[in-house]
Protein chains: 2
Amino acid sequence: MEDRKGQIIQVATDFIKKYGYDSFSYKDLSEAVGITKATLHHHFAKKEDLGIAVLQVIQGQLEYLKEKTFEIEDSKERLTFMFECMKGTVQEKDICPISSMQAEFNVIPDSLRGKISEISTFEVDLLTQILEVGKKDGSFHFEGDAKNTALIMMTSYKGAIMYSRSVESTILDTVLEGIITSVVK
Amino acid sequence: MEDRKGQIIQVATDFIKKYGYDSFSYKDLSEAVGITKATLHHHFAKKEDLGIAVLQVIQGQLEYLKEKTFEIEDSKERLTFMFECMKGTVQEKDICPISSMQAEFNVIPDSLRGKISEISTFEVDLLTQILEVGKKDGSFHFEGDAKNTALIMMTSYKGAIMYSRSVESTILDTVLEGIITSVVK
DNA sequence: GTCTATACAAAGATAGAC
DNA sequence: GTCTATCTTTGTATAGAC
């Protein structure tokens, strides 16, 4: 089964969303996958290697999301689609793996920090572009430049996922609706 | 020196903001404070006890902030004051200790989770009240209820601190200005 | 209140057999 | 590709002396 690697990455991603990169162990992971720690090390010699692999997959998914997003003609639909897709990747009480590793920024390996920065920027840029296009075609209304608005929307979305953990989990939908209508209406 | 306890709490809080609760050790802390691990255990038998102490101090500071905040007459000034105070407690490249522990929610002791939930709720409630008063006296303009707006503002603020870590750190000020003017103008 | 010394468990990682 | 066994380091925590 060559897809062992893929399976490991999948479970590791779930763990990062649940516990964080630093707080899941090769022992946890090996048990969840059903192999030994040694086998895990065979596939990903160091935990750092696994971390990089996880981030590469996420990066690929985001690039794919960008493609799919711009296949949609209508700006409002496009915006909703993007957030719905993002929301779909995190289960209840999980957090965004990027947020998780932003929180751990000072304790993760340097190579991971670089990738996290890239991905963080990519996300905001994607939203910025969606907003710019939507403003031009008259779908969205906001003051200031698109990047600032994108920043507020993205940080609010990420922050809301985080907050859902410790308060009522309905707040994510509330916030999501709020930030979308703030530019659409 | 009875204030050893206070000193330990102070340094522990800094560590949580920099590395997270799970990722700083009694060894790190003992070296930073200048005492041995054993002495640390004398003051706070378990790491969990220290965690609770840290959160109690934060809770107290927030209650004090609420008092001070409502001593200010003008709604706009009050809102700015609150965010400036909050911002003042986190150094560049640190994150809010509450965000930090929200990210670690599934790996911290139960007693800490409870406190985190309380504090998270308190913060949003404080902002909600500021917004409600300001809407009534005509200082603020926003649609929907104050709680939703407070949620968006608070999650955006917290998310921005987080994002500053991995992208340009100027985004915090950008976002802060954005969310304040969104209700003030 | 602080120390040295130590116990104990968990973590990341490697060696070598099958 | 997977295993058992083992190493090394680090983390939390305790015992007992000063």
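Protein chains get the first letters and strands the later ones, always in sequence-line order, with residue 1 at the start of each. Computed from a predicted structure; not experimentally measured.
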To the nearest angstrom, how far is A:H43 atom NE2 from D:dT2 atom C1'?
8 Å

For D:dG1, take OP1 and OP2 only and decide whether either is under 4.0 Å from a side-chain N or O of A:T39.
no

Which donor-acceptor pairs under 3.5 Å do the side chains of residues 48-55 of chain A make with protein atoms, sequence neighbours left out?
unit_1 : atom_1 : unit_2 : atom_2 : d
A:E48  : OE2    : A:S111 : OG     : 2.5
A:D49  : OD2    : A:K46  : N      : 3.1

Can you measure B:L50 atom CG to D:dG11 atom P for me and round it to whole angstrom units?
15 Å

Search all heavy atoms of A:R165 against all heavy atoms of B:A103 and return the closest pair with its distance.
NH1-O, 2.8 Å

A:T36 vs D:dT2: side-chain N/O to OP1/OP2 distance below 4.0 Å:
no

Those residues that, when tested against B:S100, pass side-chain contact (heavy atoms from CB on, under 4.5 Å) (two or more places apart)
B:I16, B:I95, B:E104

Residues passing the side-chain contact (heavy atoms from CB on, under 4.5 Å) test with A:S169, sequence neighbours excluded, are A:E92, A:K93, A:S164

Nearest whole angstrom, please: distance from the C1' of D:dT12 to the CG of B:L29.
13 Å

Separation of D:dG1 P from A:L40 CG (nearest whole Å):
13 Å

Scoring nucleotides 11-18 of chain C by protein non-hydrogen atoms under 4.0 Å (B base, S sugar-phosphate only, - none) yields SBBBB---

Could you tell me how far apart B:D3 (CG) and C:dG1 (C1') are, to the nearest whole angstrom?
14 Å

Residue list, ring-ring contact (aromatic ring centres under 6.0 Å, His included) with A:F81, at least two apart or on another chain:
none

Atom CG of B:D49 and atom C1' of D:dA13 are separated, to the nearest Å, by 12 Å

Results of side-chain hydrogen bond (donor to acceptor under 3.5 Å, both in side chains) for B:T128 - residues two or more places apart only
none

